[in-house]
Amino acid sequence: MKKNYYCLDMFPYPSGNGLHVGHWRGYVLSDVWSRYQMLHGYNILHPMGWDAFGLPAENYAIAQKKHPAISTAHNIENFKRQLKEINAVYDWDKEINTTDPKYYKWTQWIFLKMFEHGLAYEKEMPINWCPSCKTGLANEEVKDGQCDRCGTVATKKNVRQWMLKITEYAQRLLDDLSGLDWPEKVKKMQSDWIGKSFGAEIDFEVEGTDKKIKVFTTRPDTLYGSTFMVLAPEHELVSELATKEQLPEVEKYVFDASTKSAVNRMTEKDKTGVFLGSYAINPLNNEKLPIWISDYVLSDYGTGAIMCVPAHDERDFAFAKKFNLPIVPVISKDGNVVELEEAFTEEGIMVNSQSFNGMKSAEAKLKIPDYLEEHGIGKKTVNYKLRDWVFSRQRYWGEPIPIIHCSKCGIVGVPEEELPVELPDVTSYEPTGTGESPLAAIDEWVNTTCPKCGGPAKRETNTMPQWAGSSWYFLRYPNPNNDKELISKEDMKKWLPVDMYVGGIEHAVLHLLYARFYTKFLYDIGVVDFVEPFTRLFNQGMVTKNGAKMSKSKGNVVSPDELVKKYGCDALRIYELFIGPPELDSEWDDRGIEGVHRFLNKFKRLFENTNQKAQTKEVEKLCHKMIYDITTRMESFSLNTVVSGFMEYTNKLLDIQKSIGSIDKTTLKTLTILLAPLAPDTAKDIWVNLGQTSDIFEQEWPKYDLEKMKDDTAEIVVQISGKVSGKININLDEDEKSILDKAKKAIENKLLGKKILKEIYVKGRIVNIVAK
RNA sequence: GCGGAUAUGGCGAAAUAGGCAGACGCAGCAGACUCAAAAUCUGCCGAUGGUGACAUCGUAAGGGUUCGAGUCCCUUUAUCCGCACCA
């Protein structure tokens with residue numbers, strides 16, 4: 001029984017620009033790796049498909065004035081043609097397409113299951129909004145306050161949304177990272193994004209009312225130093241707590257904050273704010289704390305309200321300075337109270353804190369929450385930065401959300417047997433900008449009957465984000481045509497989870513976090529029996545040209561098509577590897593491929609004459625060394641040095657060929673198998689020419705024998721005080737004394753007049769004579 | 001601001017465990033073959049000085065550990081990436 005290996009590329013969205021040599025890099029890496037595993041006796045699943053729904057595809061279609069279905073089909077055709085040029089071992093019979101109703105039936109099915117389990121819910125709230133794409137965005141899709149897709153500055157808009165409770169999985173998403181064979185960088189980015197912090201929730205009573213303000217703080221030890229409170233402008237209590245006199249000013253501030261873009265809110269260093277006119281009570285010392293609002297407090301982190309301790313928080317300090325609020329230090333370095341020039345944020349000794357005075361602040365961090373808990377005014381808690389996933393898009397080109405709104409029964413899921421809810425054809429698919437998707441305009445589609453009561457009802461008109469289809473696609477490849485279940489138990493056990501996942505770093509938090517979330521949910525409902533989808537992850541570096549990422553707008557795109565025509569697929573494959581360490585960015589140089597092309601020709605020359613019968617000792621040794629080098633470099637994924645290793649050994653073998661006429665067939669067969677993962681075409685040709693009838697990928701990866709690699713003699717360097725002064729030839733089993741004698745003799749005239757202080761011999765490597 | 005990564009010839013880079021820095025390739029120079037070109041082959045190819053064998057310097061900068069440092073430690077700088085008013 002062969003073992004199974006699932007090697008997956010992040011599937012592309014088929015853009016109109018086609019593939020460039022940067023895309024090739026990841027695909028070549030994964031294919032070389034797949035073929036290498038084949039030669040180790042594995043069954044390989046190495047599939048390819050199309051992430052074809054979503055904004056880029058739709059924006060492209062709109063620009064081309066073509067229906068997205070048509071332009072997408074056209075782009076896929078072009079992509080497929082180009083991908084075939086790579087000559088990868090893709091399982092084309094397992095191809096998937098996220099826009100195929102047979103596929104998105106299951107995308108919708110998963111959503112329904114989440115809905116059933118209370119993980120998908122509807123909510124109207126201010127969310128990130130791209131005014132150019134005219135749709136809501138997930139937090140993960142906003143970079144530097146801009147739309148990740150088009151770069152337009154995102155605004156906030158109050159829209160009815162479908163949300164997914166990814167926050168319910170925050171702890172598991174964090175915990176399971178530790179077991180993954182992923183780049184540390186990606187793990188760190190994910191754990192930072194999840195952003196767990198420990199602290200306390202504390203209730204503050206509002207003077208003269210029965211209202212309470214709940215805050216989250218990571219510094220309960222500073223509670224005695226709290227001198228005011230700040231609410232986010234969006235906080236629900238703002239209008240209630242504002243006094244009559246202050247209300248007009250408060251309302252103006254709230255309105256201004258709502259129209260401010262995320263970028264402005266982020267880059268404005270100067271603190272702004274308005275006093276509400278009312279006061280809260282510090283539960284520990286009964287001090288009156290004026291309540292303010294300010295946009296430096298975020299509505300969607302913690303409770304949207306904070307207790308402010310200007311003495312020990314830089315932001316609160318700046319706010320207090322600006323609005324002349326008291327600054328009371330409660331922690332000091334040495335127990336003495338001094339006036340602060342700036343916030344003191346380190347740990348220290350408690351002061352001004354009644355019975356906690358003299359305690360270390362680290363200890364008070366635990367003791368104060370205990371005290372609060374005893375008196376029912378607070379509790380220890382953890383908090384996450386991760387927020388629920390804004391899942392609906394007000395666009396046409398996506399999976400319809402399988403939900404029906406009934407005036408009687410409320411929100412009802414489409415019955416499973418009615419899936420898929422097919423995306424209807426539509427005359428105008430351009431975004432409306434009203435907060436509704438173009439689907440809302442198709443009355444005959446929108447109007448339907450309620451599956452529960454049979455009465456008139458309306459379909460949900462929002463669509464899913466592009467991430468919906470890509471969050472689970474790796475589960476579908478083993479059985480893309482299974483119409484009974486998402487994946488059969490048998491196929492799941494055979495192939496999943498994915499053994500090796502290759503793709504760009506740009507999905508470090510987006511796709512990879514979502515896919516992990518989906519997998520955990522599917523585990524919870526018994527669809528899969530593993531909790532992490534991708535056992536090993538490899539991020540390939542970018543290919544740059546003129547120092548920049550290839551893009552049509554920069555005009556620095558290199559197409560693989562002509563290069564394949566001119567040099568052949570193998571030369572381009574090898575150059576993609578040779579260009580630099582796979583995980584680092586590398587600069588493209590058109591001339592570089594010439595060298596690889598020359599190498600391949602040289603390599604083939606080794607096979608021109610096969611008269612040599614026996615493997616000579618010299619060739620045998622070289623051959624084992626080569627197997628060793630290539631194998632260890634492969635294993636460590638150092639594919640650029642695999643190529644340079646091939647070049648070196650080819651040069652050496654050509655020299656030997658020159659002297660003895662030809663290289664023996666045993667060696668030549670070994671060489672061919674070693675080359676096969678990198679250059680399958682060339683290797684297959686040579687294999688046939690060597691008279692082999694079996695499939696080269698059915699062969700076994702050559703094994704090295706350390707004994708046969710051993711050298712008997714070596715030339716080593718002789719140094720005087722660390723400086724190279726001569727060289728000697730030694731037998732490796734020679735004893736240290738005779739080597740040292742030999743070494744001293746070799747450099748004796750340089751030692752004249754010097755006194756030898758120390759003699760060092762490192763076995764087989766170096767002699768160092770320390771002399772003065 | 002916080003966190004991470006990187007820094008080696010004209011260029012892409014290599015260097016097990018601290019042991020000849022620059023393998024391999026690109027570009028360049030010289031030569032062979034050729035009427036010529038292409039292709040191919042041979043040699044040179046870090047800097048400075050010297051006709052030369054050779055000498056000195058050299059892995060972002062400065063210090064340290066060591067017989068010996070691109071590699072380990074400390075400080076600094078530059079570039080790239082991520083996060084960014086996260087209480």
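All chains are named by letter (A, B, ...) in the order of the sequence lines, taking the proteins before the strands, and each is independently numbered beginning at 1.
At whole-Å resolution of the value, CG in A:Asn768 and P in B:G19 are 13 Å apart. Atom pair A:Glu587:CD and B:C11:P shows a separation of 12 Å (rounding to whole Å applied). Atom P of nucleotide B:A87 and atom CG of A:Asp295 are separated by 18 Å, given to the nearest angstrom. Between the P atom of B:C83 and the CD atom of A:Glu140 lies a distance of 11 Å, rounded to the nearest Å. Between A:Tyr575 atom OH and B:A13 atom C1' the separation is 11 Å, expressed in whole Å. When the P atom of B:U6 is taken as reference, atom CD1 of A:Ile505 falls 13 Å away, rounded to whole Å. Between the CD atom of A:Glu184 and the P atom of B:G4 there is a distance of 12 Å, rounded to whole Å. To the nearest angstrom, C1' of B:G82 lies 14 Å from CE of A:Met542.
For the P atoms, the distance from B:A21 to B:C26 is 25 Å, rounded to whole Å. Across B:U8 and B:C24, the matching C1' atoms stand 15 Å from one another, rounded to whole Å. Comparing B:A47 with B:A32, their C1' atoms sit 31 Å apart, to the nearest whole Å. For the C1' atoms, the distance from B:U71 to B:C20 is 15 Å, rounded to whole Å. Comparing the C1' positions of B:A87 and B:U6 gives an interatomic distance of 34 Å, to the nearest angstrom. On the P atoms, B:U59 is 12 Å away from B:G63, given to the nearest whole Å. Of the C1' atoms belonging to B:G10 and B:C44, the separation is 16 Å, rounded to the nearest Å. Taking atom C1' on both B:C11 and B:G3, the two are 32 Å apart, rounded to the nearest angstrom.
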5'-to-3' dot-bracket of RNA chain B (Watson-Crick, G-U; under 3.5 angstrom; crossing pairs as [ ]; | other strand) | (((((((..(((......[....))).(((((.......))))).((((....))))..(((((..]....))))))))))))....

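With hydrogens and angles disregarded, no donor-acceptor distance shorter than 3.5 Å links the side chain of A:Glu594 to the backbone of A:Arg591.
Using a 4.0 Å heavy-atom criterion, one finds that A:Asn640 contacts the sugar-phosphate atoms exclusively. Among the protein residues, A:Lys187 comes within range of no part of the nucleic acid, since none of its heavy atoms lies under 4.0 Å from any strand. Among the heavy atoms of the strands, none lies under 4.0 Å from A:Thr632. Contact annotation for A:Ile579: backbone-only contact, meaning every heavy-atom pair under 4.0 Å involves sugar-phosphate atoms and none involves a base. Looking at heavy-atom distances under 4.0 Å, A:Lys143 makes contact with sugar-phosphate atoms alone, never a base.
Residues satisfying the ring pair (Phe, Tyr, Trp, His ring centres under 6.0 Å) criterion with A:Tyr649, sequence neighbours excluded, are absent altogether. In terms of the side chain to side chain donor-acceptor pair (under 3.5 Å) criterion, A:Trp182 has no residue partners (sequence neighbours excluded). Taking A:Phe228 as the reference, A:Phe319 meet the ring pair (Phe, Tyr, Trp, His ring centres under 6.0 Å) condition, with sequence neighbours excluded. Checked against side-chain contact (heavy atoms from CB on, under 4.5 Å), A:Val509 has the following partners two or more places apart in sequence or in another chain: A:Gln190, A:Trp193. Shown here are the salt bridge (charged side-chain N to carboxylate O under 4.0 Å, His left out) partners of A:Lys742, two or more places apart in sequence or in another chain: A:Glu734. Remark: A:Tyr514 engages A:Trp389, A:Trp467 in a ring pair (Phe, Tyr, Trp, His ring centres under 6.0 Å) (not counting sequence neighbours). Among residues two or more places apart in sequence or in another chain, the salt bridge (charged side-chain N to carboxylate O under 4.0 Å, His left out) test is passed with A:Lys196 by none.
Side-chain contact check for A:Asp203 versus A:Lys214: some heavy-atom pair is nearer than 4.5 Å.
Comparing B:A87, B:C83, B:C41 by their nearest atom to the side chain of A:Val297 picks out B:A87. The nucleotide whose nearest atom lies closest to any side-chain atom of A:Ile306 is, among B:G82, B:C41, B:A87, B:A87. For A:Lys723, the listed nucleotide lying nearest its side chain is B:C57; candidates were B:A87, B:U40, B:C57.
In this structure, A:Trp193 and A:Leu654 both approach RNA chain B, and ranking their closest nucleotides by distance from the 5' end singles out A:Leu654. Residue A:Lys188 is the one, among A:Pro581 and A:Lys188, whose nearest nucleotide of RNA chain B lies closer to the 5' end (criterion: closest heavy atom).
Taking only side-chain nitrogens and oxygens, A:Tyr296 never comes nearer than 4.0 Å to OP1 or OP2 of B:A87. OP1 or OP2 of B:U42 sits under 4.0 Å from a side-chain N or O of A:Lys658. Here A:Lys185 does not reach the OP1 or OP2 of B:G4: none of its side-chain N or O atoms lies under 4.0 Å away.
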In B/S/- notation, 5' to 3', how is nucleotides 20-31 of chain B contacted by protein heavy atoms closer than 4.0 Å?
-> B--BBSSS----

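The glycosidic torsion of B:G9 lies within 90° of 0, which places this base in the syn conformation.
To the nearest 0.5 Å, the span separating CG on A:Leu372 from CG on A:Leu223 amounts to 6.0 Å.
Looking at A:Tyr575 and A:Asp589, their side chains never bring a donor and an acceptor atom within 3.5 Å of each other. A side-chain donor-acceptor contact under 3.5 Å links A:Asp388 and A:Thr167.
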